[in-house]
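For reference, the structure discussed in these notes is given below.
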Amino acid sequence: MLVLETIEDRVRARLIKYLGRDDTGIRKEVLKLFLLGSFFTTNDVFEELQKRGYSVSYRGVSAMVGLMNTRLGILSINVTGDHNVYSLKTEYRDIVDSVLQNY
């Protein structure tokens with residue numbers, strides 16, 4: 001039997017695995033942030049998490065957003081300005097929303 005996995009299935013599986021290791025809820029919070037807004041620098045994410053009561057370091061947030069970009073493949077990055085600007089790729093919005101609602 002041949003099982004063909006779609007890119008969407010792989011992204012969904014990676015997201016679920018990624019959130020499964022989210023002991024503090026911070027990863028889920030960052031994903032929600034990307035769903036609600038459009039473009040964020042690492043500093044934007046850092047400041048938003050601090051406002052929401054998370055005790056985070058700038059370096060930790062930078063690593064988390066970078067990992068979301070490289071490992072999950074759901075973010076696009078614009079490196080033309082002084083700071084990297086991240087956004088959720090349009091084609092993954094529904095998948096991220098669905099995983100977050102069911103997680």
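Quick caveat, the model's predicted, so the values are computed rather than measured.
Val85 is not connected to Tyr58 by any chain of hydrophobic side-chain contacts under 4.5 Å among Ile, Leu, Val, Met, Phe, Trp and Tyr, and they are in different clusters. The cluster map of Ile, Leu, Val, Met, Phe, Trp and Tyr, joined by side-chain heavy atoms under 4.5 Å apart, puts Tyr103 and Leu36 in different clusters.
Of all heavy-atom pairs between Gly73 and Lys89, the closest is O-NZ, 3.4 Å. The two atoms that bring Arg14 and Leu72 nearest to each other are NH2-O, 3.2 Å, heavy atoms only. Nearest heavy-atom pair across Phe46 and Val56 is CE1-O, 3.3 Å. Between Leu15 and Val96 the shortest heavy-atom distance is CD1-CG2, 3.7 Å. Listed here is the closest heavy atom pair of Thr24 and Tyr54: O-CE2, 3.7 Å.
Looking only at distances, no side-chain donor or acceptor of Arg10 sits under 3.5 Å from a matching main-chain atom of Glu5. Looking at Asp22, its side chain does come within 3.5 Å of a backbone N or O of Ile26 through a donor-acceptor pair. Checking side-chain atoms of Thr70 against main-chain N and O of Gly66 turns up a donor-acceptor pair under 3.5 Å.
Evaluation of the side-chain contact (heavy atoms from CB on, under 4.5 Å) rule for Ser62 yields Thr42 as partners, not counting sequence neighbours.
Asn102 CG: more than 12 foreign heavy atoms inside a 6.0 Å radius. Counting non-hydrogen atoms of neighbouring residues, nucleotides and ligands closer than 6.0 angstrom, the CZ atom of Arg71 reaches no more than 12 such neighbours. In Arg59, the CZ atom is not crowded: 12 or fewer heavy atoms of neighbouring residues, nucleotides or ligands sit closer than 6.0 Å.
The side-chain heavy atoms of Leu35 and Leu100, taken from C-beta on, include a pair separated by under 4.5 Å. A heavy-atom distance below 4.5 Å is found between the side chains of Phe34 and Val45. Arg12 places a side-chain heavy atom less than 4.5 Å from the side chain of Ile16.
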Evaluation steps, side-chain contact (heavy atoms from CB on, under 4.5 Å), between Ser55 and Gln50:
CA-CA 6 Å; Ser55 176; Gln50 284 195 317; over 6 Å; no
Next item on the list: Assess whether side-chain contact (heavy atoms from CB on, under 4.5 Å) is satisfied between Val30 and Phe40, documenting all intermediate values.
Entry: CA-CA 11 Å; Val30 172; Phe40 297 96; over 6 Å; no
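Stacking of Arg27 on the aromatic ring of Tyr18 is recorded, both the 6.0 Å distance cut-off and the 45° axial limit being met.
A distance of 7.0 Å separates CG of Leu75 from CE of Met68, quoted to the nearest 0.5 Å.
For Ser87 and Ser76, the side-chain atoms include at least one donor-acceptor pair closer than 3.5 Å.
Remark: Glu47 does not engage Lys51 in a salt bridge, criterion side-chain N to carboxylate O under 4.0 Å.
Between Tyr86 and Phe39, the distance separating the two ring centers is not shorter than 6.0 angstrom.
The only option from Leu88, Asp97, Val99, Ile74 that meets the side chain to side chain contact (heavy atoms under 4.5 Å, CB included) definition with Leu31 turns out to be Ile74.
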